[in-house]
Amino acid sequence: MITAFELKHKSKTIITSESWQKQMAKAFRDVNELLAYLELEPDDAKRSLYFPEHFKLLAPRPYVEKIKKADWDDPLLKQLLPLNLEQQTSDGFSVDPVGDSTAGIAKGVLQKYHGRVLLITTGACAVHCRYCFRRHFPYAESMVDKSHWQNTLDQLLADPDIHEVILSGGDPLMLPDERLAAMCADLAAIPHIKTLRFHTRLPLVLPQRINKGLLHWLDDLAIRKVMVIHANHANEIDDETGRALEALARHGVTLLNQSVLLRGVNDDAGVLINLSKRLFEFGVLPYYLHMLDKVQGAAHFDVDDAHALSLLKSLRQALPGYLTPKLVREISGERSKSSLE
Ligand SMILES: *Cc1c(COP(=O)(O)O)cnc(C)c1O
Ligand code: SF4
């Protein structure tokens with residue numbers, strides 16, 4: 001016979017022990033299934049749906065649960081639902097809008113700016129963001145891989161100017177802990193590297209990823225750790241995400257946020273003000289508000305400069321300076337991100 005205590009304990013373990021990998025396996029990959037779950041009729045779609053061959057719908061359930069049912073205009077849904085608009089070509093929009101293809105200094109290693117290198121650690125993401133500037137990135141031939149890893153380390157070791165390594169992708173937190181922890185330990189062992197920075201959306205789209213295993217190896221890394229989460233809207237930060245963020249902060253991770261300014265999602269002063277406030281409830285500081293990178297397929301998200309600058313002005317008037325992000329864009333070939341002001 002199972003006692004009530006055991007039963008309670010058992011059901012609790014079942015809920016909390018579902019690994020993030022299992023959650024990923026259950027993610028929505030079918031547009032019609034997603035729409036049925038959200039109580040939306042495909043026929044009512046204001047704009048026609050798109051069923052792409054590549055860069056298909058991908059949305060984990062914990063993220064989808066934050067979407068309001070029966071609302072085509074939900075700002076989270078808009079970030080992940082493929083629309084026919086993506087097939088339009090627009091002037092100035094290209095497959096490599098930020099010059100990544102010419103910034104490689106080795107396989108999977110990009111350097112555009114002084115002192116910082118960026119590693120393409122994986123092509124995998126937990127969610128396919130329709131505005132992604134790397135949606136056409138040739139990951140297969142441009143990732144750091146195990147066979148080149150020692151070369152990559154040797155190269156970083158040989159350049160004492162490099163003080164920060166940025167782990168990007170894809171999403172670096174899609175790598176298994178063993179792989180990521182080993183990679184980070186190797187980087188942290190290089191004396192002139194002082195900071196490891198992770199760019200990730202996982203605390204927002206799959207907070208279960210911030211588990212004990214991850215926190216444990218982060219603790220063991222004797223190096224400054226920064227995590228830049230990519231939240232675009234306050235609705236992405238529910239209590240579970242909040243707990244994941246607080247856990248990261250307790251384990252010594254500096255938390256920053258980078259948003260992309262997206263038409264129909266967050267191109268509104270009230271929305272951006274709420275986002276800054278919500279981030280700071282969990283100790284996250286706004287870092288960049290990024291203009292859309294002009295990637296083919298994302299033109300319908302573009303916001304013009306004049307509107308962006310007026311939004312920034314409203315943010316300044318409503319928020320303390322430390323909660324006002326820097327409004328920037330990336331211009332291929334420049335030595336830093338460029339401020340719009
Ligand atoms: C954006 C970017 C960085 C980071 O720039 P910060 O201004 O330090 O945030 C570094 N390397 C590459 C290739 C980048 O695109
Ligand atoms: S998580 Fe980042 S890299 Fe992945 S699709 Fe979204 S924006 Fe692109």
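Hydrogens, waters and symmetry mates play no part in the numbers below; they use all other heavy atoms, side chains included. In this chain, numbering begins with 1 at the start of the sequence shown.
- Rounding to the nearest 0.5 Å places CD1 of Ile120 at 7.5 Å from OG of Ser142.
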*Chi angles and distances behind the side-chain contact (heavy atoms from CB on, under 4.5 Å) call for Lys56, Arg29*: CA-CA 7 Å; Lys56 295 178 181 170; Arg29 290 177 169 79; over 6 Å; no
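- Salt bridge annotation for Asp239-Arg278: present, with a cationic side-chain nitrogen under 4.0 angstrom from a carboxylate oxygen.
- In this structure, His54 and Arg135 have side chains that are not in contact, with every pair of non-hydrogen atoms separated by 4.5 Å or more.
- A ring-ring contact (aromatic ring centres under 6.0 Å, His included) check over residues 223-244, counting only residues at least two apart or in different chains, returns the pairs His199-His230.
- The number of heavy atoms from other shown groups lying within 6.0 Å of NZ (Lys212) does not exceed 12.
- Other residues, nucleotides and ligands place no more than 12 heavy atoms under 6.0 Å from the NE2 atom of His216.
- Of all heavy-atom pairs between Glu33 and Arg61, the closest is OE1-NH2, 4.4 Å.
- The closest side-chain donor-acceptor pair between Asp154 and Gln150 falls under 3.5 angstrom.
- Separation of atoms CD (Gln208) and CG (Leu202) is listed at 10.0 Å; rounding is to 0.5 Å.
- Under the 4.5 Å side-chain heavy-atom criterion for grouping Ile, Leu, Val, Met, Phe, Trp and Tyr, Leu58 is connected to Val31 within one hydrophobic cluster.
- Atom NZ of residue Lys337 and atom CG of residue Leu327 lie 13.5 Å apart, to the nearest 0.5 angstrom.
- At a threshold of 4.5 Å between non-hydrogen side-chain atoms, the residues Leu119 and Leu187 count as touching.
- Within the 3.5 Å criterion, the main-chain N or O of Gly170 finds no donor-acceptor partner in the side chain of Thr122.
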Self-check item: Trace of the side-chain contact (heavy atoms from CB on, under 4.5 Å) decision for Leu49 with Leu35
Solution: CA-CA 11 Å; Leu49 300 168; Leu35 294 181; 3.6 Å; yes
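- Using a 4.5 Å cut-off on side-chain heavy atoms (C-beta onward), Ser147 and Lys107 make no contact.
- Here the side chain of Ser276 pairs no donor or acceptor atom with the backbone of Ile273 at under 3.5 angstrom.
- Counting only distance, with no hydrogens or angles, the side chain of Gln79 and the backbone of Leu81 share no donor-acceptor pair below 3.5 Å.
- Looking only at side-chain heavy atoms (C-beta outward), Pro82 and Arg130 come within less than 4.5 Å of each other.
- For the pair Leu311 and Leu272, the tightest heavy-atom approach, listed with the atom from each and the gap, is CD1-CD1, 4.2 Å.
- Closest approach of Asp177 to Gly213, counting heavy atoms only: OD2-C, 4.2 Å.
- A continuous path of hydrophobic side-chain contacts links Ile190 to Val109 [ILVMFWY only; heavy atoms under 4.5 Å].
- Residues that satisfy the ring pair (Phe, Tyr, Trp, His ring centres under 6.0 Å) test with Phe28, not counting sequence neighbours, are Tyr37.
- The one candidate from Arg316, Lys313, Arg329 that meets the salt bridge (charged side-chain N to carboxylate O under 4.0 Å, His left out) condition with Glu341 is Arg316.
- Atoms CD1 and CZ, from Ile166 and Phe198 in turn, are 11.5 Å apart once rounded to the nearest 0.5 Å.
- For Lys277 (side chain) and Ala234 (main-chain N/O), no donor-acceptor pair under 3.5 Å exists by modelled atom type.
- Within 6.0 Å of the CG atom in Asp91, the count of heavy atoms belonging to other residues, nucleotides or ligands does not exceed 12.
- In this structure the side chain of Leu80 reaches within 4.5 angstrom of the side chain of Ile67, judged on heavy atoms.
- By the side chain to side chain donor-acceptor pair (under 3.5 Å) test, Tyr63 pairs with Arg201, Glu236, sequence neighbours left out.
- Here the straight-line distance linking atom OH of Tyr50 with atom CG of Leu85 works out to 11.5 Å at 0.5 Å rounding.
- No donor-acceptor contact under 3.5 angstrom links the side chains of Arg209 and Thr200, judged on distance only.
- Of all non-hydrogen atoms in Asn266 and Leu262, the two that sit nearest each other are OD1-N, 2.7 Å.
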Criterion side-chain contact (heavy atoms from CB on, under 4.5 Å) on Leu77 and Leu34, from CA distance to verdict:
CA-CA 10 Å; Leu77 178 63; Leu34 175 72; 4.1 Å; yes
Contacts table for residues 244-253: side-chain donor-acceptor under 3.5 angstrom, sequence neighbours left out:
| unit_1 | atom_1 | unit_2 | atom_2 | d |
| --- | --- | --- | --- | --- |
| His251 | ND1 | Asp219 | OD1 | 3.0 |
| His251 | ND1 | Asp219 | OD2 | 2.9 |

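- Taking every heavy atom of both residues into account, Trp20 and Met174 meet most closely at CH2-O, 3.3 Å.
- Hydrophobic clustering (ILVMFWY, side-chain heavy atoms < 4.5 Å, transitive): Trp217 and Leu215 are in one cluster.
- Residues Met183 and Ile105 share a hydrophobic cluster, clusters being chains of Ile/Leu/Val/Met/Phe/Trp/Tyr side chains in contact below 4.5 Å.
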Determine all donor-acceptor pairs shorter than 3.5 Å in which one atom belongs to a side chain in residues 282-303; sequence neighbours excluded.
| unit_1 | atom_1 | unit_2 | atom_2 | d |
| --- | --- | --- | --- | --- |
| Lys294 | NZ | Asp302 | OD2 | 2.8 |

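- Cluster membership for Ile237 and Leu319, using ILVMFWY side-chain heavy atoms within less than 4.5 angstrom, is not shared.
- The list of ring-ring contact (aromatic ring centres under 6.0 Å, His included) pairs with a residue in residues 139-187, not counting sequence neighbours, reads Phe137-Tyr139.
- The side-chain heavy atoms of Cys125 and Arg134, taken from C-beta on, include no pair separated by under 4.5 Å.
- For the pair Lys78/Pro75, no side-chain contact is recorded, criterion being any heavy-atom separation below 4.5 Å from C-beta on.
- In terms of modelled atom types and a separation under 3.5 Å, the side chain of His114 and the main chain of Arg335 share no donor-acceptor contact.
- Between Phe55 and His136 the shortest side-chain heavy-atom distance does not fall below 4.5 Å.
- Partner Ile210 forms a side chain to side chain contact (heavy atoms under 4.5 Å, CB included) with one of Leu173, Leu218, Thr241 and no other, that one being Leu173.
- Salt bridge annotation for Asp238-Arg243: absent, with no cationic side-chain nitrogen under 4.0 angstrom from a carboxylate oxygen.
- Of the inter-residue distances, the one linking Trp72 atom CH2 with Glu41 atom CD reads 8.5 Å to the nearest 0.5 angstrom.
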- Determine, stepwise, if the pair Asp100 / Lys112 fulfils salt bridge (Lys or Arg N to Asp or Glu O under 4.0 Å). CA-CA 9 Å; Asp100 273 355; Lys112 291 182 182 169; 2.9 Å; yes
- Query: Please walk me through it: do Lys194 and Arg224 pass side-chain contact (heavy atoms from CB on, under 4.5 Å)?
  - Reply: CA-CA 6 Å; Lys194 306 294 182 198; Arg224 172 115 0 244; 5.8 Å; no
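- Contact detail for Pro172 and Leu180: the closest heavy-atom pair is O-CD2, 3.5 Å.
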